[in-house]
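Before any comments, here is the structure.
Read the numbers this way: they start at 1 and go in the same order the structure lists the ligands and their atoms. Remember, it's a predicted structure, so these values are computed and weren't measured experimentally.
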Amino acid sequence: MRADVVTIFPAYLEPLRLSLVGRAQERGTLEVRTHDLRAWTSDVHRTVDDAPYGGGPGMVMRPEPWDAALSEIAASDPARRPRVVVPTPAGRPFSQRHAEELAQEPWLVFCCGRYEGIDARVIETWADDEISIGDYVLAGGEVATLVILEAVARLLPGVLGNSASAADDSFSDGLLEAPAYTRPQVWRGVEVPAVLRSGDHAAVARWRRAQALRRTVARRPDLVAQAELSDADRAVLDA
Ligand SMILES: COc1ccc(Cn2ccc3ccc(-c4cc(N)[nH]n4)cc32)cc1
């Protein structure tokens, strides 16, 4: 996968060189190219923003630099068309399903807005996805891009080690994950549930499913409504 990121703060994307996403880049599974939007300005002050029509607080990002940047990036591989992603508070809520969908794409381009956002005509012209990572307002699209790219990168082939699998993810079955434990067996007087030390893999799976169901009912009833529940699941919830 190739991912281009356009931003006025390229340094914000440096964390993509670390850890899981960094390893995916070293392996060639993911290629991240970061671009400074100001490279596509033509005035001496390298202006990327202007006052909003209709008044109101703050500034809006001008369309010309964005259109020049996206046109040049898209033209760099004429045989393909990238999927253009614009993080915004007004976007479709990001989810594991959405990450799985984006992980199928060979080429993503992220437009990191700042100020009060990007001129709407750029979004109309270029955006394939407008994505919100939550109902709170960040100062720009860079952090959202880091979130989206990490969630997508871990789904790419070979990125997660053998010991981990995206198929076992929380949300992969529509529920929250069960509590996890490791050594010591007793810590601050609290013992690891015996079933997890029993060696009975079927019992462990039943326990984890029951814990995930109860946790999801308590914290995210909206997810329970969407999940596919078995008769055994319903028995747990009715208990
Ligand atoms: C009045 O409306 C706005 C006031 C401030 C801003 C700041 N801002 C500029 C670009 C940009 C891109 C993404 C996000 C964002 C995404 C999520 N889930 N939260 N915040 C925020 C962004 C935007 C819109």
Side-chain angles (χ1 to χ4, degrees), residues 1-16 20-21 32-41 43 45-74 82-103 105 107-155 169-171 176 219-220 222-223 226:
M1 175 187 283
R2 173 181 165 180
D4 289 81
V5 184
V6 185
T7 169
I8 59 172
F9 294 122
Y12 236 106
L13 283 300
E14 283 301 302
L16 291 176
L20 177 137
V21 179
V32 178
R33 301 186 191 186
T34 303
H35 310 272
D36 185 340
L37 178 69
R38 294 191 195 276
W40 286 277
T41 58
D43 64 306
H45 298 297
R46 311 185 80 193
T47 311
V48 292
D49 63 307
D50 202 340
Y53 275 111
M59 304 290 272
V60 174
M61 298 192 92
R62 296 171 49 232
E64 299 93 335
W66 279 106
D67 191 59
L70 293 170
S71 298
E72 184 173 325
I73 290 166
R83 184 157 172 177
V84 178
V85 177
V86 182
T88 166
R92 169 182 163 202
F94 188 55
S95 65
Q96 190 66 17
R97 295 285 164 272
H98 204 162
E100 289 162 0
E101 192 183 308
L102 293 179
E105 293 288 338
W107 186 12
L108 299 176
V109 174
F110 291 86
C111 304
C112 298
R114 279 273 154 173
Y115 306 98
E116 303 290 301
I118 302 170
D119 184 290
R121 291 164 292 184
V122 174
I123 311 299
E124 281 305 309
T125 305
W126 285 98
D128 297 303
D129 284 272
E130 292 181 76
I131 297 180
S132 165
I133 63 163
D135 291 338
Y136 42 81
V137 182
L138 300 167
E142 288 81 7
V143 167
T145 296
L146 290 172
V147 166
I148 295 163
L149 259 179
E150 181 164 302
V152 168
R154 61 189 299 282
L155 297 174
D169 270 347
S170 176
F171 297 102
L176 302 183
R219 299 179 187 180
R220 293 292 305 274
D222 58 302
L223 291 178
Q226 296 167 25

Counting both backbone and side chain atoms, is some N or O of [X] under 3.5 Å from an N or O of ligand 1?
X: Ala144; answer: no
X: Gly141; answer: no
X: Pro87; answer: no
X: Arg114; answer: no

Step through the shown structure and confirm whether more than 12 heavy atoms of other residues, nucleotides or ligands are within 6.0 Å of CG on Asp135.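 Open.
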Is the count of non-hydrogen atoms from other residues, nucleotides or ligands lying under 6.0 Å from Tyr115 atom OH greater than 12?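 Check passes, neighbour count above 12.
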One residue to check: Val137. Relative to ligand 1, which of side chain, backbone, both or neither has a non-hydrogen atom less than 4.0 Å away?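 Looking at Val137 and ligand 1, atoms from backbone and side chain both fall under 4.0 Å.
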Heavy-atom distances under 4.0 Å are what count here, so tell me which part of Pro89 touches ligand 1: side chain, backbone, both or neither.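 Under 4.0 Å from ligand 1, Pro89 contributes backbone and side-chain atoms.
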At less than 4.0 angstrom from any non-hydrogen atom of [X], what atoms of ligand 1 do you find?
X: Tyr136; value: 17 (C), 18 (N), 19 (N), 20 (N)
X: Tyr115; value: 5 (C), 6 (C), 7 (C), 8 (N), 9 (C)
X: Gly140; value: 8 (N), 9 (C), 10 (C), 11 (C), 12 (C), 13 (C), 14 (C), 22 (C)

Report yes or no: does [X] contribute a side-chain atom to a donor-acceptor pair with the main-chain N or O of [Y] at less than 3.5 Å?
X: Asp129; Y: Ile131; value: no
X: Arg33; Y: Arg2; value: no
X: Thr41; Y: Asp43; value: no

No-hydrogen, no-angle side-chain donor-acceptor test under 3.5 Å, Asp67 and Trp40: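 Asp67 vs Trp40: no donor-acceptor pair found between side chains.
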Suppose we measure from atom 4 (C) of ligand 1 to each protein heavy atom; which comes out shortest, and what is that distance?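 Among all protein heavy atoms, the one nearest atom 4 (C) of ligand 1 is Glu116 OE1, 3.6 Å.
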Tell me which protein heavy atom sits closest to atom 20 (N) of ligand 1, plus the residue, atom name and distance to 0.1 Å.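 Going atom by atom, the protein heavy atom closest to atom 20 (N) of ligand 1 ends up being Leu138 N, 2.9 Å.
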To the nearest 0.5 Å, how far apart are CG in Asp49 and CZ in Arg62?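 These two atoms lie 8.5 Å from each other.
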Can you check salt bridge (Lys or Arg N to Asp or Glu O under 4.0 Å) on Glu124 and Arg121, steps first, answer last? CA-CA 5 Å; Glu124 281 305 309; Arg121 291 164 292 184; over 6 Å; no
